[in-house]
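The sequence lines fix the lettering, A, B, ..., with proteins before strands; numbering per chain opens at 1.
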Protein chains: 2
Amino acid sequence: MTDSKPAAGASARPSRGGKRERLASAAARVFHQQGVERTTLSDIATAADVPLGNVYYYFKTKDQLVGAAIGSHLDGLRAATGELDRLPAPADRLKALIGGWIDQRETAARFGCPFGTLATELDKREDGLDRAAAEVMRALITWVEGQFEQMGRGADAHDLAIAFVAAYQGMAVLTNVLRDPEVMSVQGRRLADWVDTLA
Amino acid sequence: MTDSKPAAGASARPSRGGKRERLASAAARVFHQQGVERTTLSDIATAADVPLGNVYYYFKTKDQLVGAAIGSHLDGLRAATGELDRLPAPADRLKALIGGWIDQRETAARFGCPFGTLATELDKREDGLDRAAAEVMRALITWVEGQFEQMGRGADAHDLAIAFVAAYQGMAVLTNVLRDPEVMSVQGRRLADWVDTLA
DNA sequence: GTCTATACGGCGATAGAC
DNA sequence: GTCTATCGCCGTATAGAC
């Protein structure tokens with residue numbers, strides 16, 4: 001009854017076995033591949049290996065599942081930047097981030113940026129979900145901004161961070177639309193070179 | 001009976017009054033604001049001021065309406081580049097294009113790039129619609145590439161064109177997600193400055 | 001060619017047995 | 001806490017009168 005493992009997620013509902021989180025990450029994955037609107041709860045249940053009817057025990061509505069998927073992306077972002085923070089030089093952290101994006105180029109070619117495409121889809125709506133997505137994007141921008149500050153660009157760190165993230169989102173869109181992973185490789189190298197000019 | 005005005009669209013079905021084209025451009029507009037999946041045929045019929053049942057006389061399926069919306073975007077692109085081609089200097093044409101995007105910043109803040117968000121949404125699907133969208137994107141890239149060639153960058157004109165369009169798509173995504181038109185202004189100026197360094 | 005009424009299917013959500 | 005059966009709505013698409 002008294003439960004254990006609240007888990008390190010954005011939300012902290014208990015429930016042993018991590019079924020809730022399995023659903024959340026499955027939702028994030030399937031939403032990425034199919035889009036939110038074309039994904040049925042049945043799709044997610046299948047992907048998470050949870051019986052359909054049981055989904056409603058953990059998430060009362062589909063929108064709550066979307067919210068959980070956003071939280072899942074935030075967790076992933078925190079984990080990734082946490083790793084990058086172990087590198088000594090901020091410019092290297094940014095370039096390692098780009099390297100990670102390039103490594104994911106095949107996925108990006110087929111489905112786009114996992115978070116960017118989700119945020120874009122949610123932005124067509126009026127409910128609070130779009131704002132939740134904006135927070136995650138802002139978290140990334142803030143982290144990048146911190147790197148530029150450490151590189152001695154205190155004055156325009158914010159605009160540089162926007163430019164950096166925008167560059168990634170843009171190359172992800174074209175990689176996806178053109179179905180060409182090479183776009184990510186070439187443009188990613190371009191972005192890395194730009195970081196070097198600022199170091 | 002014998003009909004007139006095939007109209008200058010991508011497709012060329014007749015039918016007086018331009019009802020078909022009114023439906024196509026209404027579709028493009030509503031798809032932009034609501035996304036394809038959340039838009040019903042009733043929404044489009046209302047926007048075009050055409051009775052719902054009558055829509056099926058012009059478009060047998062919703063997908064055909066999506067195709068027509070893509071065609072509508074292509075028409076708009078051709079019209080825009082046609083205007084820009086009247087400017088003497090290629091660098092000025094690119095900067096004028098950016099200026100147009102900045103002028104649309106309020107719309108971009110609310111709904112994103114009219115074509116980029118559509119292409120992104122269609123890319124989650126497997127039917128041919130995504131490829132049709134890719135063609136429009138490619139048409140823009142090709143036109144931009146031509147400008148860079150005229151600026152004497154024959155060697156890397158293609159990569160520069162990809163970078164240019166990606167920069168726009170990226171700033172559009174962030175403008176939209178952050179709901180901040182200023183992002184488009186600031187980053188648009190950045191992009192224009194970059195064009196100047198290549199001129 | 002125009003428009004209304006309606007069939008059909010799918011999906012989100014609920015009831016309730018276990 | 002788990003799972004099945006099912007309801008009710010909504011959106012695409014069609015039939016067919018005008």
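- Heavy atoms from other residues, nucleotides or ligands lying under 6.0 Å from CG of B:Asp193 number more than 12.
- As rounded to whole Å, 11 Å separates atom P of C:dG1 from atom CZ of B:Arg20.
- The local environment of CG in A:Asp49 is sparse, with at most 12 non-hydrogen atoms from other residues, nucleotides or ligands closer than 6.0 Å.
- Dense packing is recorded around CZ of A:Arg125, with more than 12 heavy atoms of other residues, nucleotides or ligands lying under 6.0 Å away.
- Between the two ends of the helix from C:dG1-D:dC18 to C:dC18-D:dG1, each summarised by a five-pair axis, the helix axis turns through 10° (rounded to 10 degrees).
- The structure places CH2 of B:Trp101 at 6.5 Å from CD1 of B:Ile98, a figure rounded to the nearest 0.5 Å.
- Atom CD1 of B:Ile44 and atom P of D:dG11 are 12 Å apart (whole Å).
- In A:Arg110, the CZ atom is crowded: over 12 heavy atoms of neighbouring residues, nucleotides or ligands sit closer than 6.0 Å.
- Taking side-chain N and O atoms only, A:Tyr58 has no distance below 4.0 Å to OP1 or OP2 of D:dG1.
- Within the cation-pi definition used here (under 6.0 Å to the ring centroid, within 45° of the axis), B:Arg20 does not qualify as a partner of B:Tyr57.
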Might you list the N or O atoms of the protein lying below 3.5 Å from N or O atoms in nucleotides 11-18 of chain C, with each pair's distance?
| from | atom 1 | to | atom 2 | distance (Å) |
| --- | --- | --- | --- | --- |
| C:dG12 | OP1 | A:Lys62 | NZ | 3.2 |
| C:dG12 | OP2 | A:Leu41 | N | 3.0 |
| C:dA13 | OP2 | A:Lys62 | N | 2.9 |
| C:dA13 | N7 | A:Tyr56 | OH | 3.1 |

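- Atom-to-atom, OH of B:Tyr57 to P of C:dT2 comes out at 7 Å; the value is rounded to the nearest Å.
- Atom OG1 of residue B:Thr120 and atom CD of residue A:Gln169 lie 9.5 Å apart, to the nearest 0.5 angstrom.
- Between B:Arg179 and A:Arg131 there is a side-chain heavy-atom pair separated by less than 4.5 Å.
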